[in-house]
Amino acid sequence: MSAQLVGQLRDAMAEGRLAAGERLPSSRALGKLLGVSRTVVTEAYEQLYAEGWLEGRHGSGTYVTEGVAAAPVPRPQEPVTRPARRTAAPHEIDLRPGTAWIGALDTPAWRRAWRLAAGVPPQQRQDSHGLPGLREALAGYIRRSRGVSVPLDGLLVTRGATNGLDLLAATVLRPGDRVGVEDPGYGKARTVLRGRGAELVPCPVDEHGIIADALPDDLRLVYTTPSHQYPMGGVLPVPRRQALLAWARRNGALIAEDDYDGEFRFDVAPLPALYGLDPDVVVYLGTTAKILTTDMGVGWLAGRPDLVGRVALRRELLNDRTAVVPQDALRLLLERGDLDRYVRRMRGEYARRREVVVRALDGLRLRGDTAGLHLVVDVPESEAHRISVEAGERGVLVETLERHHMGPRRASGLVIGYGAAATMTELRKGCEIVRDLAG
């Protein structure tokens with residue numbers, strides 16, 4: 001809500017609806033008027049102060065800075081506002097991507113970790129980097145699972161990969177900065193970056209991932225998913241990773257690497273994170289949303305210690321924090337080895353689910369099925385739309401690639417996720433319905 005308020009106020013000032021020198025309501029008064037908490041308004045004002053849109057006058061209040069009406073404001077670049085994803089009904093089979101299977105979470109280790117964490121006394125003041133014990137445990141986990149070493153002063157605990165991206169954008173971007181995003185790509189990342197005032201530049205991907213040679217030289221930041229491109233499923237090969245890093249070095253840009261499901265690969269061992277090749281230009285974003293559940297609400301951001309320090313300071317200004325109890329629960333799961341065992345078990349579970357999907361979709365062309373929790377079925381755009389509609393009428397929810405595009409359509413097909421279906425039987429039945437409709 002703070003990001004939305006920032007965007008609305010920024011537009012109003014740039015367009016002259018809020019004139020230079022005009023006094024704004026107090027955070028308490030505006031919060032009451034809008035029906036939101038005072039904290040939402042305070043965070044929005046702090047962001048606009050930092051960007052130079054607002055200025056304070058001692059003992060007088062908050063005013064629009066002189067001369068801001070001429071500043072350019074990035075406009076929304078997606079031609080269509082896509083409806084939010086609805087919750088699947090109990091009788092429906094959910095084959096949409098982006099959801100982890102949680103059927104194995106109700107274990108003694110899970111319950112014990114939360115019980116012990118809930119007994120920790122609340123803290124008066126929290127380290128903006130996160131609990132030191134969790135950061136140590138996370139550094140070990142990232143080293144084991146992703147093959148890279150992270151210094152403790154270069155690691156910050158977040159509420160998830162999207163929260164980490166938002167904090168990074170709030171720290172390094174200014175209104176109008178051009179930011180590259182994969183196209184097709186992750187819509188929530190686009191929303192976050194646009195909310196921080198970025199001008200989004202769609203960057204094409206192919207079957208391997210983002211095309212480094214096609215990147216313009218004037219980007220401040222590039223958001224990418226190299227371990228399993230979302231949603232196309234490509235894995236960025238080493239030569240292209242090196243080309244991407246060389247581009248960033250040459251242009252003084254940063255790369256935001258979202259490693260949302262990099263632990264799950266089915267043909268070989270998980271590939272090392274891009275961050276390990278050049279931690280000076282890559283900011284590494286991770287989350288427990290895919291390895292555990294979104295309810296955990298914990299992720300991480302790793303980068304150069306000086307940059308991570310700036311992010312931590314910015315976080316304090318935004319009053320952003322990760323709840324202590326989930327942090328401590330995750331620490332216990334890591335220190336006792338419970339999370340590593342769970343990930344190994346889930347790697348086997350997802351491999352079996354992937355096999356069910358591949359067999360049920362036999363005869364159709366599939367892409368991106370060597371890693372992650374989803375794959376793509378190649379079908380023409382008109383057919384993809386028809387199949388998704390008719391599958392929905394038969395109780396099967398599927399997404400088309402069209403939903404994930406920002407600019408001109410570069411690819412067409414169906415995105416099939418195999419984490420949300422409750423059982424293997426449901427998963428098989430749903431995929432068989434899709435195959436019949438595609439045939």
Side-chain angles (χ1 to χ4, degrees), residues 3 98-100 102 105 113-114 117 126-146 148 150-172 186-189 191-193 195-196 223-228 230 254-264 270 273-275 279 282-303 307-308 311-312 314-316 318-334 339-340 342-343 346 372-373 419:
T99 302
I102 60 173
L105 271 180
W114 281 95
Q126 186 186 142
D127 186 337
S128 57
H129 284 78
L131 295 182
L134 174 58
R135 288 161 56 209
E136 287 188 28
L138 275 174
Y141 174 76
I142 295 169
R143 183 177 62 252
R144 294 189 302 273
S145 65
R146 308 302 294 118
V148 295
V150 179
L152 292 184
D153 57 352
L155 184 60
L156 181 143
V157 180
T158 67
R159 289 181 281 110
T162 305
N163 174 236
L165 179 63
D166 184 50
L167 292 172
L168 176 65
T171 303
V172 304
Y186 188 39
K188 289 183 179 179
T191 300
V192 164
L193 293 165
R196 290 299 179 184
Y223 169 83
T224 183
T225 52
S227 293
H228 189 229
Y230 189 89
L254 288 172
I255 299 168
E257 176 187 13
D258 188 343
D259 195 36
Y260 66 100
D261 65 1
E263 289 90 348
F264 302 115
L274 179 67
Y275 166 85
V282 179
V283 177
Y284 177 67
L285 306 170
T287 179
T288 56
K290 300 300 182 292
I291 58 177
L292 284 168
T293 169
T294 54
D295 285 346
M296 191 90 205
V298 179
W300 50 90
L301 178 154
L307 176 57
V308 173
V311 174
R314 186 71 181 138
R315 182 182 212 185
E316 288 190 2
L318 294 173
N319 198 27
D320 181 279
R321 64 192 65 188
T322 306
V324 170
V325 172
Q327 286 192 68
D328 211 47
L330 181 58
R331 176 188 64 81
L332 291 165
L333 289 170
L334 286 165
L339 183 64
D340 292 72
Y342 181 77
V343 169
M346 292 310 298
L373 312 184

Exercise. Of all the heavy-atom pairs spanning V308 and A302, show the shortest one and how long it is.
Key: CG2-C, 4.3 Å
Self-check item: Point-to-point distance, once rounded to the nearest 0.5 Å, from CD1 of I142 to CD of E263
Solution: 9.5 Å
Self-check item: Side chains of L285 and E257 in contact at under 4.5 Å (non-hydrogen atoms)
Solution: no
Quiz item: Which residue pairs pass the side chain to side chain donor-acceptor pair (under 3.5 Å) test when at least one of the two sits in residues 153-166, sequence neighbours left out?
Solution: R159-D320, N163-D320, D166-R196
Quiz prompt | Selection residues 288-299 - residue pairs positive for side chain to side chain donor-acceptor pair (under 3.5 Å), sequence neighbours left out | solution = none
Self-check item: Residues Y141 and E136: side-chain donor-acceptor under 3.5 angstrom
Solution: no
Exercise. Sequence neighbours left out, what pairs pass salt bridge (Lys or Arg N to Asp or Glu O under 4.0 Å) with at least one residue falling in residues 323-332?
Key: D328-R331, R331-E335
Quiz item: With sequence neighbours excluded, what pairs up with P279 under the side-chain contact (heavy atoms from CB on, under 4.5 Å) test?
Solution: Y275
Quiz prompt | Side chain to side chain, D259 and L274, heavy atoms closer than 4.5 Å | solution = no
Exercise. Determine the minimum heavy-atom distance between A273 and Y284, stating which atoms define it.
Key: CB-CE1, 3.6 Å
Taking only distance into account, with no hydrogens and no angle test, what donor-acceptor pairs under 3.5 Å do side-chain atoms of residues 127-134 form with protein atoms, sequence neighbours excluded?
unit_1, atom_1, unit_2, atom_2, d
D127, OD1, H129, N, 2.8
S128, OG, E316, OE2, 3.4

Practice problem: Report yes if some heavy atom in the side chain of L307 is under 4.5 Å from a heavy atom in the side chain of V283; otherwise report no. | Solution: yes
Quiz item: Of all heavy-atom pairs between G297 and T322, which one has the smallest distance, and what is that distance?
Solution: O-CG2, 3.7 Å
Practice problem: Locate the shortest heavy-atom distance separating P326 from V298; write the atom from each residue and the value. | Solution: CB-CG2, 3.7 Å
Exercise. Write down the atom of R135, the atom of L152, and the distance for their closest heavy-atom approach.
Key: NH2-O, 2.7 Å
Quiz item: Take atom CD1 in I102; do more than 12 heavy atoms of anything else shown fall under 6.0 Å from it?
Solution: no
Quiz item: Heavy atoms, side chains only, cut-off 4.5 Å: are Y260 and Y186 in contact?
Solution: no
Self-check item: Which residues share a side-chain hydrogen bond (donor to acceptor under 3.5 Å, both in side chains) with T224, sequence neighbours left out
Solution: E182
Self-check item: From I291 atom CD1 to S145 atom OG, the distance as rounded to the nearest 0.5 Å
Solution: 7.5 Å
Quiz item: Taking side chain as C-beta onward, heavy atoms only, is V192 less than 4.5 Å from K188?
Solution: no
Quiz item: With a 4.5 Å heavy-atom cut-off, do W300 and L155 have their side chains touching?
Solution: yes
Quiz item: Side chains of L330 and L292: does their closest heavy-atom pair fall under 4.5 Å?
Solution: yes
Quiz item: Is any side-chain heavy atom of F264 less than 4.5 Å from a side-chain heavy atom of H228?
Solution: no
